[in-house]
Amino acid sequence: QVQLVESGGGLVQPGGSLRLSCTASETNFKPSYLNWKRRGPGKPREVVATITGGGETTYADSVQGRFTISKDNAKSTWYLQMNDLKSEDSAVYYCTANYYNIPNDRIEDTWGLGTQVTVSS
């Protein structure tokens, strides 16, 4: 199964920015879509942003206009640029991908282990 590894989390002050990265273990990895999800303390897991294989993007209302999802196909890496961060953005952020696993001949989901984002003064 393809492995995903997130990086870029950390501590940032309100109003600050971070860029998260999600790198796949295989080159030329082309999922049907990739999500950035998050789970804050005491909150349900939430889909923050999605990008399809064709490059279409969608965002949760809570991050619209502040977060941008993008991809670098050559690096099999996806990004989440987060600007104007708020305390309520504090969470563990995960990337997940839906793809066709050729050896197993089926569609699968794969998850990274997550990266912590803390927004605090």
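Every value quoted in this text rests on a predicted model; they were computed, and no experiment measured them.
Glu108 contributes no side-chain N or O that, together with a main-chain N or O of Tyr99, makes up a donor-acceptor pair within less than 3.5 Å. Side-chain N or O atoms of Thr110 include one that pairs as donor or acceptor with a backbone N or O of Val2 at under 3.5 Å. The closest donor-acceptor contact from the side chain of Tyr59 to the backbone of Ile69 lies under 3.5 Å.
Looking only at side-chain heavy atoms (C-beta outward), Pro31 and Asn98 stay at 4.5 Å or farther from each other. No side-chain heavy atom of Val12 sits under 4.5 Å from any side-chain heavy atom of Ser17.
When Leu85, Leu20, Thr57 are each tested for a side-chain contact (heavy atoms from CB on, under 4.5 Å) with Phe67, only one passes: Leu85.
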When you look at Lys71 and Leu34, which way does the side chain to side chain contact (heavy atoms under 4.5 Å, CB included) test go after all the steps?
-> CA-CA 10 Å; Lys71 60 179 179 175; Leu34 183 136; over 6 Å; no
Would Phe29 and Leu4 satisfy side chain to side chain contact (heavy atoms under 4.5 Å, CB included), going step by step from the backbone distance to the final call?
-> CA-CA 11 Å; Phe29 179 55; Leu4 300 176; 4.2 Å; yes
Step by step, would you call Arg66 with Asp89 a side chain to side chain contact (heavy atoms under 4.5 Å, CB included)?
-> CA-CA 11 Å; Arg66 300 188 297 123; Asp89 294 318; 2.8 Å; yes
Passes side chain to side chain contact (heavy atoms under 4.5 Å, CB included), Ser76 versus Glu26? Steps please.
-> CA-CA 7 Å; Ser76 290; Glu26 293 185 5; over 6 Å; no
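Both Val63 and Tyr93 are assigned to one and the same hydrophobic cluster, defined by single-linkage of ILVMFWY side chains at heavy-atom distances under 4.5 Å.
In the model, Thr23 has a side-chain atom that pairs as donor or acceptor with a side-chain atom of Thr77 under 3.5 Å.
Remark: Trp36 CH2 to Thr115 OG1 distance equals 7.5 Å, nearest 0.5 Å. Between the CD atom of Gln3 and the CG atom of Leu113 there is a distance of 8.5 Å, given to the nearest 0.5 Å. The structure places OG of Ser7 at 9.0 Å from OH of Tyr79, a figure rounded to the nearest 0.5 Å.
Taking every heavy atom of both residues into account, Ser90 and Pro41 meet most closely at O-CD, 3.9 Å. Among all heavy-atom pairs drawn from Gly112 and Tyr94, the shortest one is O-CD2, 3.7 Å. Counting all heavy atoms, side chain and backbone alike, Met82 lies closest to Val117 at CE-CG2, 3.9 Å.
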Donor-acceptor list for residues 44-52 side chains, cut-off 3.5 Å, not counting sequence neighbours:
unit_1 : atom_1 : unit_2 : atom_2 : d
Glu46  : OE1    : Arg38  : NE     : 2.8
Glu46  : OE1    : Arg38  : NH2    : 3.2
Glu46  : OE2    : Ser62  : OG     : 3.1
Thr50  : OG1    : Asn35  : OD1    : 2.5
Thr52  : OG1    : Gly54  : N      : 3.2
Thr52  : OG1    : Gly55  : N      : 3.3
Thr52  : OG1    : Glu56  : N      : 3.0

